[in-house]
Amino acid sequence: MLIYNTLSRRKEEFVPREPGKVAMYVCGPTTYNFIHLGNARPIVVFDTVRRYLKYKGYDVFYVQNFTDIDDKIINRARELGEDPLSLASRYVNEYFKDADALNVMRADIHPKVSGHMDEIINMIKTLVDKGYAYAAGGDVYYEVRKFGGYGKLSGRTLEDMQAGARVDVNELKRDPMDFALWKAAKPGEPAWDSPWGKGRPGWHIECSAMSLKYLGENFDIHGGGFDLIFPHHENEIAQSEAASGAPFARYWMHNGFITVNQEKMSKSLGNFFLVRDILAKFAPEVVRFYLLGTHYRSPLDFDDEKLTAASRGLERLKTSFNLLEEALVGYDSGAGGRPDPTLSLRLDELRGEFEKAMDDDFNTALAIGTWFDLAREINSSLHKDVFAGVAEKYAALSEARELFIDFNRVLGVFKTENGKIAIQGTGGESEGLVESLVDLIIEIRQEARKKKDWPTADRIRERLKDLNIILEDTPSGVRWKKQG
RNA sequence: GGCGACAUAGCCAAGUGGUAAGGCAGAGGACUGCAAAUCCUUCAUCCCCCGGUUCAAAUCCGGGUGUCGCCUCCA
């Protein structure tokens, strides 16, 4: 399996620190607002990375932090007249609502800065003791010139950085590129006691301290957005490697940006779309499917039309699975029978193609291509119905269902219940008032059709369509589904 | 100014040396009372431009042009 490592700027064979186990850390959001689509991309991308590693049999330990102490949070809290920590924790809860909707699995641990003050202060102490950091006026700064490898992740030298640097004036720093490990508290700000007085951590130190605590030195995968390469991740490396003397993360993965009209979506540009607002217009599986339709390192442009196109494509996969389920109704998966060889061999081939795509730096776009190939295979097999025999047919279709479920297990597009994909809209065995009413209307329409009263039948179908209920007449009866 | 990425059909998007996946949209046919869904067929002589390397390049090299990003909080 190949992973593109930002550190080496090339794809490398993935070899975990410990055979069979993967330790990964992904930079999570600063919780001062609802997340936007740009925040959602890494969340979905690395969730998919994790899912695939699990599919491959790795025991994955996944850590995603929340930055709950930060200037932006303090400012927002001040505006709202709210306590910063309670504001942050409120948005942590909101984060989970969006992440759950996008079918993102919970991390094994979601550490927060506010709960790791001791670890952070200890690491800063170590850096001061080792001579990599210095205290000045209640702040503590990391002295970048002391760390030989500074710039190795972002691929530039200190001289490069300073050439065009828009550096803030701060006479406490020995070098303009030095960055804060600890910030002295101003009146009214949340603060913790430390050897340097009351204050709070700088932004970068939290990830170093928390990843070390939960994953140890030299853990496997560290992920985040491209814009974190510098300075955030560069600084994490400087802190961690200086403090421990050991290499930090082995594989650095960075996702590309979401753009709007080809421009980066960001809070500072104001061109961002909240996940919440998008979910009001599109189903969450469409959003996830859309995010995975492009390789994670490429930029991805967002607008409603593109999501609409994605939802049509997704509809095709959904339909295929529903047709498959329909065909398998009444079939006992334990019934035995040798799978029809033609389909069965093709399924093996497709699984191989899917894995090959994912093995190549998580090429979800290519993998989705094989998912569509699977759908075509299922549809045409059902359409032609040329199987070696009934038992062979069901056994092969059952295999196809397994494969579909496996693809989905990795990509996480459709929600599952008890390991089964729960795609709504099969109609049939329905519950609830809407379902009963639709069934009733269909019954009446069928009577009209029997009398060849086409105008009435068509009118019912049209009016239901206006209500986003689609009727499909098939030789074996009427199928209906909700649209969107 | 420094560093970097990208440029593939109407749209989205794979593809890093062997002759262009997949999806959306479109066209024709089958099926249907008509639709829808599904199936079959079709839809880039060619991958921004100009040179070069090679038996062979969308893929490698050089030079352009264009777009975007990082260097400041940012996923």
Report task. On the 0 to 90° scale, with breaks at 30° and 60°, tag the A:His110-A:Tyr95 ring pair as parallel, tilted or perpendicular. Result -> perpendicular
Report task. Give the ring-plane orientation class for A:Phe147 versus A:Tyr142, where under 30° counts as parallel, over 60° as perpendicular and anything between as tilted. Result -> perpendicular
Query raised in the report: Once each nucleotide of nucleotides 20-29 of chain B is scored for protein heavy atoms under 4.0 Å, what B/S/- sequence comes out, 5' to 3'?
Result: -BSSSS----
**Report entry** For A:Val44, the option from A:Leu292, A:Asn39, A:Val49, A:Val287 that meets side chain to side chain contact (heavy atoms under 4.5 Å, CB included)
**Finding:** A:Leu292
Report summary line: Closest to the 5' end of RNA chain B, once A:Arg41 and A:Glu462 are matched to their nearest nucleotides, is A:Glu462
Query raised in the report: B:U38, B:A75, B:C71: which one has an atom nearest the side-chain heavy atoms of A:Lys267?
Result: B:A75
Report summary line: B:A5 -> Watson-Crick or G-U wobble partner, both distances under 3.5 Å, gives B:U67
Requested in this report: Could you check how far NE2 of A:His233 sits from P of B:C73, rounded to whole Å?
Outcome: 14 Å
Query raised in the report: Under the 5.5 Å and 30° test, is A:Phe226 stacked on the base of B:G69?
Result: no
Report task. Report the relative orientation of the aromatic rings in A:Tyr52 and A:Phe362; use parallel for angles under 30°, tilted for 30 to 60°, perpendicular for over 60°. Result -> perpendicular
Query raised in the report: Out of B:A14, B:A36, B:A75, which has the shortest distance to the side chain of A:Leu228?
Result: B:A75
Query raised in the report: Checking only heavy atoms, does the side chain of A:Arg9 share a donor-acceptor pair with the base of B:G4 at less than 3.5 Å?
Result: no
Query raised in the report: Counting side-chain heavy atoms from CB outward, which of B:C40, B:A75, B:C68 is closest to A:Ser380?
Result: B:C40
**Report entry** A:Tyr290: partners by ring-ring contact (aromatic ring centres under 6.0 Å, His included), with sequence neighbours left out
**Finding:** none
Query raised in the report: Separation of A:Ile229 atom CD1 from B:C73 atom P, in whole Å?
Result: 15 Å
Report summary line: Nearest-nucleotide check on RNA chain B, A:Asp473 vs A:Ser298; residue mapping nearer the 5' end is A:Ser298
Requested in this report: Could you check which nucleotide pairs with B:U54 in any of the strands shown, counting Watson-Crick or G-U wobble with both distances under 3.5 Å?
Outcome: none
Query raised in the report: For B:C34, does OP1 or OP2 lie under 4.0 Å from any side-chain N or O of A:Lys452?
Result: no
Query raised in the report: Counting side-chain heavy atoms from CB outward, which of B:C39, B:U38, B:C71 is closest to A:Arg156?
Result: B:C71
Requested in this report: Take atom CG of A:Leu471 and atom P of B:C34, then tell me their distance rounded to the nearest Å.
Outcome: 17 Å
**Report entry** Whole-Å distance separating the CG atom of A:Leu158 from the C1' atom of B:C3
**Finding:** 14 Å
Requested in this report: Confirm from the modelled atom types if A:Asp70 and B:C73 form a donor-acceptor pair under 3.5 Å, side chain to base only.
Outcome: no
Query raised in the report: Across all strands, who's sitting opposite B:A25 as a Watson-Crick or G-U wobble pair, both distances under 3.5 Å?
Result: none
Query raised in the report: Counting side-chain heavy atoms from C-beta on, which of B:A75, B:C34, B:C39 comes nearest to A:Asp458?
Result: B:C34
Report task. Over 60° means perpendicular and under 30° means parallel, so classify the ring planes of A:His254 and A:Phe226, tilted if in between. Result -> tilted
Query raised in the report: Would you call the rings of A:Phe404 and A:Phe414 parallel, tilted or perpendicular, where under 30° means parallel and over 60° means perpendicular?
Result: parallel
**Report entry** Listed nucleotide nearest any side-chain atom of A:Asn379, set B:C39, B:G33, B:A75
**Finding:** B:C39
Report task. With heavy atoms under 4.0 Å as the rule, sort A:His295 into base, sugar-phosphate or nothing. Result -> sugar-phosphate
Query raised in the report: Hey, does A:Leu269 reach any base, or is it just sugar-phosphate, or nothing, if we go heavy atoms under 4.0 Å?
Result: nothing
**Report entry** Exercise: do A:Glu206 and A:Asn65 side chains pair donor with acceptor under 3.5 Å
**Finding:** yes
